[in-house]
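So the structure is just underneath, and the comments pick up after that.
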Amino acid sequence: VTKLPLQIDTSDPVTMERALRVYNGKAMINSVNGKQEVMEAIFPLVKKYGGVVVALTLDEGGIPETADGRVEIAKKILATAREYGIDSIDRPVLLGEIMKNDRRRIGIAGTHGKSTSTGMLSQIFLSDPTLDPTIMIGAQLPVLGDSYRVGSGGDFIFEACEYKDAFLDFCPNIAVVLNVELDHTDYFESLEDIIASFRQSIEPSHAVVANMDSENVKRALEGYDGWIIGISLSDENADFYPKELYFDHGMGVYTLCRKG
């Protein structure tokens with residue numbers, strides 16, 4: 001029986017239990033939904049064998065036409081799962097656990113430009129046939145036709161979103177900080193609050209690639225004792241900076257220079 005992550009997909013609870021009994025690990029169980037009989041059949045298996053379960057927002061009435069209707073079914077599924085002693089896990093926590101197994105974890109953070117920069121870095125990794133990266137991005141990447149990719153090369157490239165401190169559940173060993181500005185004021189009360197969160201987010205990293213043109217990024221770096229790789233558009237004291245920069249059909253063209 002394989003040791004690789006396994007998703008077991010069947011609507012037959014008897015078949016599901018047979019597979020769970022022989023699988024050497026915690027499987028992804030596909031699936032449960034809001035139908036009472038389905039929850040009563042599947043949740044005891046999840047509790048007994050562990051793993052994670054895919055939840056489909058449909059019930060005896062089918063798939064609701066509205067988002068609110070689907071949310072209500074999701075709430076019912078979560079409430080029923082808790083009755084069986086099954087915990088739920090937030091998406092950032094789950095991603096943080098998944099990425100721990102990759103040797104190189106590159107998180108791109110910043111108030112603006114995260115998706116674009118994550119996409120550009122992903123494209124670079126994908127252009128090398130010797131690499132097979134896992135990618136998680138907050139936008140659809142044309143080369144993937146999706147917003148994620150599961151690879152097996154040991155590289156995890158991900159967009160590290162600051163909203164509600166989601167990026168604090170991630171564990172990058174290489175962090176990229178593009179910029180820091182006051183945003184998401186329903187959660188962050190002040191610029192100081194968001195700078196403090198960015199400062200905390202880079203603590204697990206061995207290295208930080210930082211935009212040294214941003215004073216707030218510099219403030220977020222205060223107290224960090226890892227390797228700082230500074231980038232700048234104009235400061236030749238930065239580790240990397242461009243020369244002869246111009247734009248051709250909206251694309252930046254330049255000579256990349258390294259200090260020293």
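Each residue takes its place number in the sequence, starting with 1.
Under a 4.0 Å N-O distance rule, the pair K218/E215 qualifies as a salt bridge. Using a 4.0 Å cut-off between a side-chain N of Lys or Arg and a carboxylate O of Asp or Glu, D132 and R149 qualify as a salt bridge.
In this structure the side chain of I157 never reaches within 4.5 angstrom of the side chain of T134, judged on heavy atoms. At least one side-chain heavy atom of K243 sits under 4.5 Å from a side-chain heavy atom of E236. The shortest side-chain heavy-atom distance between N173 and P204 does not fall under the 4.5 Å cut-off. Taking 4.5 Å as the limit, every side-chain heavy atom of S147 sits out of range of all side-chain heavy atoms of L141. Under the 4.5 Å side-chain criterion, counting only non-hydrogen atoms from C-beta, F240 is not in contact with C257. Annotation: side chain of L95 is in contact with side chain of R91 (closest heavy-atom distance under 4.5 Å). Side-chain contact between Y148 and I137 is absent, with no heavy atoms from C-beta onward closer than 4.5 Å.
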Assess whether side chain to side chain contact (heavy atoms under 4.5 Å, CB included) is satisfied between V32 and I77, documenting all intermediate values.
CA-CA 8 Å; V32 73; I77 294 172; 4.2 Å; yes
With side chain to side chain contact (heavy atoms under 4.5 Å, CB included) as the criterion, how do D155 and F125 come out once you've worked through the C-alpha distance, each side chain's angles and the decisive distance to 0.1 Å?
CA-CA 9 Å; D155 294 305; F125 271 68; 3.7 Å; yes
Walk me through whether C171 and R105 qualify under side chain to side chain contact (heavy atoms under 4.5 Å, CB included).
CA-CA 7 Å; C171 52; R105 305 176 297 276; 3.7 Å; yes
Quick one: do E244 and Y254 satisfy side chain to side chain contact (heavy atoms under 4.5 Å, CB included)? Show the steps, please.
CA-CA 5 Å; E244 302 171 349; Y254 56 88; 6.0 Å; no
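Using cut-offs of 30° and 60° on the angle between ring planes, the pair F170 and F158 is perpendicular. The aromatic rings of F198 and F167 stand perpendicular to each other, their planes meeting at an angle above 60°, with 30° marking the opposite boundary.
Taking Ile, Leu, Val, Met, Phe, Trp and Tyr as hydrophobic and joining them when side-chain heavy atoms fall under 4.5 Å apart, one finds Y246 in a cluster with V253.
Residues L45 and M16 share a closest heavy-atom pair of CD1-CG, 3.8 Å. Taking all atoms of both residues into account, the shortest heavy-atom contact from K114 to L178 is N-CD1, 3.9 Å. Closest of all the heavy-atom pairs between I135 and S122 is CG2-OG, 3.4 Å. The shortest non-hydrogen separation linking V54 to Q7 is CG2-OE1, 4.2 Å. Residues F188 and L182 come closest through the heavy atom pair O-CD1, 4.3 Å. Taking each heavy atom of D102 and I98 in turn, the nearest pair found is OD2-O, 4.1 Å.
In this structure, E159 contributes its side chain and G138 its backbone to a donor-acceptor pair below 3.5 Å. Formation of a donor-acceptor pair under 3.5 Å by the N216 side chain with backbone atoms of V180 is found in this model. Under the 3.5 Å distance criterion, the side-chain polar atoms of S205 are matched with a main-chain donor or acceptor of P172. Checked by atom type and distance alone, the side chain of N179 pairs as donor or acceptor with a backbone atom of T111 at under 3.5 Å. Put simply, the side chain of Y224 never gets that close to the backbone of Q200: no donor and acceptor are under 3.5 Å apart. The main-chain N or O of T130 is found under 3.5 Å from a side-chain atom of D128 such that the two form a donor-acceptor pair. In terms of modelled atom types and a separation under 3.5 Å, the side chain of N211 and the main chain of D213 share a donor-acceptor contact. In this structure, S232 contributes its side chain and Y241 its backbone to no donor-acceptor pair below 3.5 Å. A donor-acceptor pair under 3.5 Å is absent between the side-chain atoms of R199 and the main chain of L221, judged by distance alone.
Both W227 and I174 belong to a common hydrophobic cluster when Ile, Leu, Val, Met, Phe, Trp and Tyr are linked at side-chain heavy-atom distances under 4.5 angstrom. Cluster membership for Y84 and V46, using ILVMFWY side-chain heavy atoms within less than 4.5 angstrom, is shared. Residues M28 and L56 fall within the same hydrophobic cluster, defined by Ile, Leu, Val, Met, Phe, Trp and Tyr side chains chained together at heavy-atom separations under 4.5 Å.
Atom CD1 of I63 has 12 or fewer heavy atoms from other residues, nucleotides or ligands within 6.0 Å. For R21, the CZ atom is densely surrounded, since the number of other residues' heavy atoms within 6.0 Å is greater than 12. At most 12 heavy atoms of other shown residues, nucleotides or ligands fall within 6.0 angstrom of atom CZ in R258.
Judged by distance alone, the side chains of Y187 and D193 never bring a donor and an acceptor atom under 3.5 Å apart.
A salt bridge (charged side-chain N to carboxylate O under 4.0 Å, His left out) check over residues 28-57, counting only residues at least two apart or in different chains, returns the pairs E17-K48. Within the structure, side chain to side chain donor-acceptor pair (under 3.5 Å) pairs that include any residue of residues 56-69 do not occur (at least two apart or interchain).
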